[in-house]
Amino acid sequence: MQDSIVVRGAREHNLKNINVTLPRNKFIVITGLSGSGKSTLAFDTIYAEGQRRYVESLSAYARQFLGLMNKPDVDSIDGLSPAISIEQKTTSKNPRSTVGTVTEIYDYLRLLYARIGTPYCPVHNIRIERKTPDAIAREIEDAYRGQDIIILAPVVRQKKGTYEKLLSDLNKDGFRRARVDKEMVRTDEQVTLERYVKHDIEIVVDRLDPADSTRLQEAVEVALERGDGLLIVVGKDTERLFSSKMSCPVCDITFEELQPRMFSFNSPFGACEACTGLGYKEEIDPSLVVPDRSLSIADGAIRAYKKTFDGWRIRQIASVAKAYGFDIFTPLETLTEKQLNVLLYGTSKKVDMRYDSDDNNTHIRYKREFEGVIPQLERLYRQTQSDYRRHEIERFMRFVPCPACKGKRLKDKVLAVKINGKNIIECTELSIKDALSFFDALELTDKERYIARQVLKEIASRLSFLNDVGLSYLTLDRAASTLSGGEAQRIRLATQIGSNLMGVVYILDEPSIGLHQRNNDLLIKTLHHLRDIGNTLIVVEHDEDTIRKADHVVDMGPGAGIHGGNVVAAGTPEEIEAHPASLTGRYLSRSLVIETPTERRQPQAPIRIIGAREHNLQDIDIDIPTGVLTVVTGVSGSGKSTLVYDILYKALMQRIYRSKDIPGAHREIITPPEMDKVIMIDQSPIGKTPRSNPATYIKVFDDIRALFAQTKESKLRGYKPGRFSFNVRGGRCEACRGDGLIKIEMNFLPDVYVTCEECKGKRFNRETLEVTYKEKTIADVLEMSVEEALVFFEHIPSIRRKLKTLSDVGLGYIKLGQSSTTLSGGEAQRIKLTKELSKRATGNTLYLLDEPTTGMHFDDVKKLLDVLNRLVDMGNSVVVIEHNLDVIKTADHIIDLGPEGGEDGGMVVVTGTPEDVVRCAKSYTGQYLKNVLQHGTS
């Protein structure tokens, strides 16, 4: 077998006809500046060719179900094994998808609960199990040894009636005694019962000593037959109910045989009927309908009513108000609870209503019930066919836990099935770490352990893999849509480890994203394990520890975009470090460093968060200083995102912009009075369609279109800026509607996109493309990189200023018209930063960033820090969640959370300057930061 993968003549995207030799069964890292061609080599060339060869080997029928990849622009690739890519693509947005379902652990849990789960009555918490008459007789014999007992067969349980015929029939059948409402009676005597009172009637089957096993067995069988599977044993001081059915002996709730589908919230057999297994419902929220109770109805207290005085509605409410002792000029905060309930939820009592026409000629009096503001909105939402109206009503709705299942997603009966005291949902609420402990300590009978041995083995192995890749803090019920790119990638990595494949080429895209240095060691150990069992790992990565632990490193560059696409250096980490032309090597050898500031900015008045207790936060008080660069650090799962996003961001959005998102649990947030704006810059895409691009997002395309409209040719033809938009009719190519591509549907193959023949992919029609600026058409400008456009528009200040900010954050290589769907999360976040930087400075803004160094080389991090410092110098406050030590060491203030993840986290370990954090022995961040501060100056 060939011992290396040999790539010859790779020219995809910006690759410069390069040749690369990668050793097989080794841990390979491809690094370099953002846009230097790393992902193009790893994913668009090596993975694409491996996948294409595999798909081409399948039948035409099978190929229609698989995505077909175009042949990459490469001369040849030899020694290539089947390839599996584990990318940072965002996980499923399906609200039903959880960590448990994605990893298949929940499927095994469903099987486990169906096979060895014990049902309990959801009302009485009585264990429910099917028992044979023999088993019941043995249990009675053991429990009542040495005392006489009475065996009763219940025939009437809490039902109304006189039952004279029943008692006489029992007498005919040979039963001489019965117990009626706890009183012993003879069946041959007259017994008078009240018709409309509920009664209990039990047949006295036998009085006996349980030591007489033959007689006991016979009595049990007769009692179960007459009592429809139930019998009662009355002892000296106790009374006990037995059942031979899977039903509660008290309330008769019956369980059918347990099946895995009963434990699925995606199946009607198990899902809560009220919320169909989602765990939440969208309901009208009174606090959004009436956000300010200091106002009266006349002042517009009911936000859902745009026009308060619209005639009919205000007169109707005025009539209701009069009937209940208030009027439309009364502030709502002074209303009694009953009055407010009538206003919001209506009344079934008929109220005197009055209608006066606008011309005052018609006066009608009538009586009717008042529907209430909230029921009226709910009815309109159900009935309307208008998307606009539905959207308007949705402004007053919030997602709340389902009142039927309390957010548990399953039916009550299913939730009553337990193993060691926990139902399946309580099991998924455990963190990975706690779930491992729970399954290790399971107390099972020998029979149960034998039945569950294989299932438990699968569950334990999957939980162990997740734990090993640094995800011990995640819970199994965590929604997949809330996972970061790094978390989702490590979950897929754990799934691959579980498959134990050999001879595969794994291609990963920055698996260290979101990992604290302490967790990173576990990840590298996992990657080495994949290599050691006989696989080749190709990892696109910037993390220093990962690069140093690699067997082989390929450094791409020397620059980004058109200046990249070459292999600068290749070899062991030591050889890269010694290579004079390698930018990565110079950072590894410390000949280039990101400088540590010689002095820190002084914090201004803080944002004070009091009593933060959402998720795993332990009721903590935190001061976040303003006017400085603050970095929130801590091991994965310590509560950083909960503090910054769930509490701080949502609370300020609610306060400043009246957002309907409910902030996480806390007592109070005190902000400086001058803070008037909060902006979250995360890694979500800048646009959802291929039409959106960096130029349209940062609004520079508006200036470019206006510039083209000012040309002499445009003025002669009467063209306005709209003529140069590919989104509207007039200037765009109508054959492809401004896409530049046409979709062709194939029967046996995936849809194919071909270049539009009309415009040759230019997006605009011939007339529009006849207008040029400095001999370039509008289509030519969209094909320019940011770097090229900076030179081209150097004399147009409004355009140059916006493009300069893109270049400053290390995005000089991207094209102005590049589709937003092709941008990575880190690139999208930096484009959002650019949009903020290009605005006129006002100060007093709080910027919140979540790991902005994602996808960044050491040199790009340096550029990002310059941008963040510019924001702070403009009078703003910047709070960053980050694990990158170069960012942490340049912070003015650090908030270190921990000490561990999950339940063992959520506390403030230390706050202060980086030097203060290093001095704290309990801080894991401080331990790793110590070495970086020592090397922080050149």
Side-chain angles (χ1 to χ4, degrees), residues 516-517 587 590 592-609 620-634 638 640 643-644 648 670-672 674-675 678-679 681 808-809 833 836-837 841 843-853 856 858-898 908-938:
H516 191 271
Q517 280 68 27
Y587 275 99
R590 307 275 188 249
L592 270 180
V593 292
I594 293 172
E595 300 288 341
T596 303
T598 51
E599 58 182 75
R600 315 279 178 186
R601 299 181 190 87
Q602 287 304 306
Q604 306 300 313
I607 300 167
R608 181 158 290 170
I609 302 174
I620 55 176
D621 300 342
I622 294 180
D623 284 356
I624 300 175
T626 59
V628 295
L629 173 59
T630 301
V631 177
V632 182
T633 64
S638 56
K640 304 181 295 297
L643 176 71
V644 174
L648 178 61
I670 302 165
T671 56
E674 63 272 13
M675 183 165 287
V678 59
I679 293 170
I681 302 176
D808 289 346
V809 294
L833 260 179
E836 293 305 318
L837 280 170
N844 302 329
T845 300
L846 175 66
Y847 290 99
L848 306 174
L849 291 92
D850 187 4
E851 292 192 72
T853 61
M856 285 194 178
F858 306 107
D859 210 53
D860 297 315
V861 172
K862 198 172 188 176
K863 292 177 182 175
L864 173 75
L865 285 168
D866 290 341
V867 170
L868 296 181
N869 283 316
R870 274 171 58 191
L871 280 174
V872 176
D873 293 340
M874 286 156 64
N876 302 300
S877 306
V878 177
V879 178
V880 182
I881 297 172
E882 191 55 85
H883 295 292
N884 186 293
L885 292 171
D886 284 322
V887 175
I888 296 170
K889 76 178 184 185
T890 59
D892 301 309
H893 187 83
I894 293 173
I895 297 169
D896 191 36
L897 298 182
V908 179
V909 178
V910 60
T911 63
T913 63
E915 290 75 18
D916 295 332
V917 173
V918 166
R919 286 192 288 270
C920 178
K922 293 179 183 176
S923 170
Y924 290 117
T925 304
Q927 292 170 23
Y928 288 93
L929 189 58
K930 190 174 185 179
N931 295 329
V932 179
L933 282 178
Q934 288 170 356
H935 299 293
T937 51
S938 54

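Bear in mind the structure is a predicted one, so any value in this text is a computation, not a measurement.
Contact check for Ile881 versus Leu849: no side-chain heavy atoms found under the 4.5 Å cut-off. Contact of the His516 side chain with the Ser638 side chain is not registered, since no non-hydrogen atoms from C-beta on lie closer than 4.5 Å. Within the 4.5 Å cutoff, the side chain of Val678 has no heavy atoms near those of the Thr845 side chain. Contact annotation: the side chain of Leu648 approaches that of Leu846 to within less than 4.5 Å [non-hydrogen atoms, C-beta and beyond]. Using a 4.5 Å cut-off on side-chain heavy atoms (C-beta onward), Val918 and Leu933 make contact. Side-chain contact between Ile679 and Ile681 is present, with heavy atoms from C-beta onward closer than 4.5 Å.
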Can you list the steps and then say if Asp621 with Arg608 is a side chain to side chain contact (heavy atoms under 4.5 Å, CB included)?
CA-CA 7 Å; Asp621 300 342; Arg608 181 158 290 170; over 6 Å; no

For a salt bridge (Lys or Arg N to Asp or Glu O under 4.0 Å) check, start with the C-alpha distance between Lys862 and Asp886, then their side-chain angles and the critical distance, and finish with the verdict.
CA-CA 8 Å; Lys862 198 172 188 176; Asp886 284 322; over 6 Å; no

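Side chain of Thr626 to main chain of Ala605: a donor-acceptor pair is present (N/O by atom type, distance under 3.5 Å, no hydrogens or angles). When atom types are taken as modelled, the side chain of Thr890 and the backbone of Val887 share a donor-acceptor pair closer than 3.5 angstrom. Proximity of a side-chain donor or acceptor of Asn876 to a complementary backbone N or O of Val872 within less than 3.5 Å is not detected. A distance-only check finds no donor-acceptor pair linking the side chain of Thr853 to the backbone of Asn884 [under 3.5 Å]. The closest donor-acceptor contact from the side chain of Asn931 to the backbone of Tyr928 lies at 3.5 Å or more, if one exists at all. The closest donor-acceptor contact from the side chain of Gln604 to the backbone of Gln602 lies under 3.5 Å. Judged purely by atom type and a 3.5 angstrom limit, Lys640 uses its side chain to pair as donor or acceptor with the backbone of Gly634.
To the nearest 0.5 Å, atoms CD1 (Ile620) and CG (Leu897) are separated by 5.5 Å. Atom-to-atom distance recorded for His893:NE2 and Thr913:OG1 is 9.0 Å, nearest 0.5 angstrom. Here Asp808 contributes atom CG and Leu833 contributes atom CG; the two are 11.0 Å apart, rounded to the nearest 0.5 Å. Between the NZ atom of Lys863 and the CD1 atom of Ile594 there is a distance of 11.5 Å, given to the nearest 0.5 Å. The distance from atom SG of Cys920 to atom CG of Leu929, rounded to the nearest 0.5 Å, is 11.5 Å. Taken from OG1 in Thr630 to CD1 in Ile607, the straight-line distance is 8.5 Å, to the nearest 0.5 Å.
Closest approach of Pro914 to Ala891, counting heavy atoms only: CD-O, 3.5 Å. Between Thr596 and Arg600, the shortest heavy-atom distance links the atoms CG2-NH2, 3.7 Å. Of all heavy-atom pairs between Val880 and Pro852, the closest is CG1-CD, 3.5 Å. Ile609 approaches Leu643 most closely through the heavy-atom pair CD1-CD1, 3.9 Å.
Applying the side chain to side chain contact (heavy atoms under 4.5 Å, CB included) criterion to Thr633, with sequence neighbours excluded, gives Val631, Ile888, Ile894, Asp896, Thr925. In this structure, the ring-ring contact (aromatic ring centres under 6.0 Å, His included) partners of Phe858, at least two apart in sequence or on a different chain, are Tyr587.
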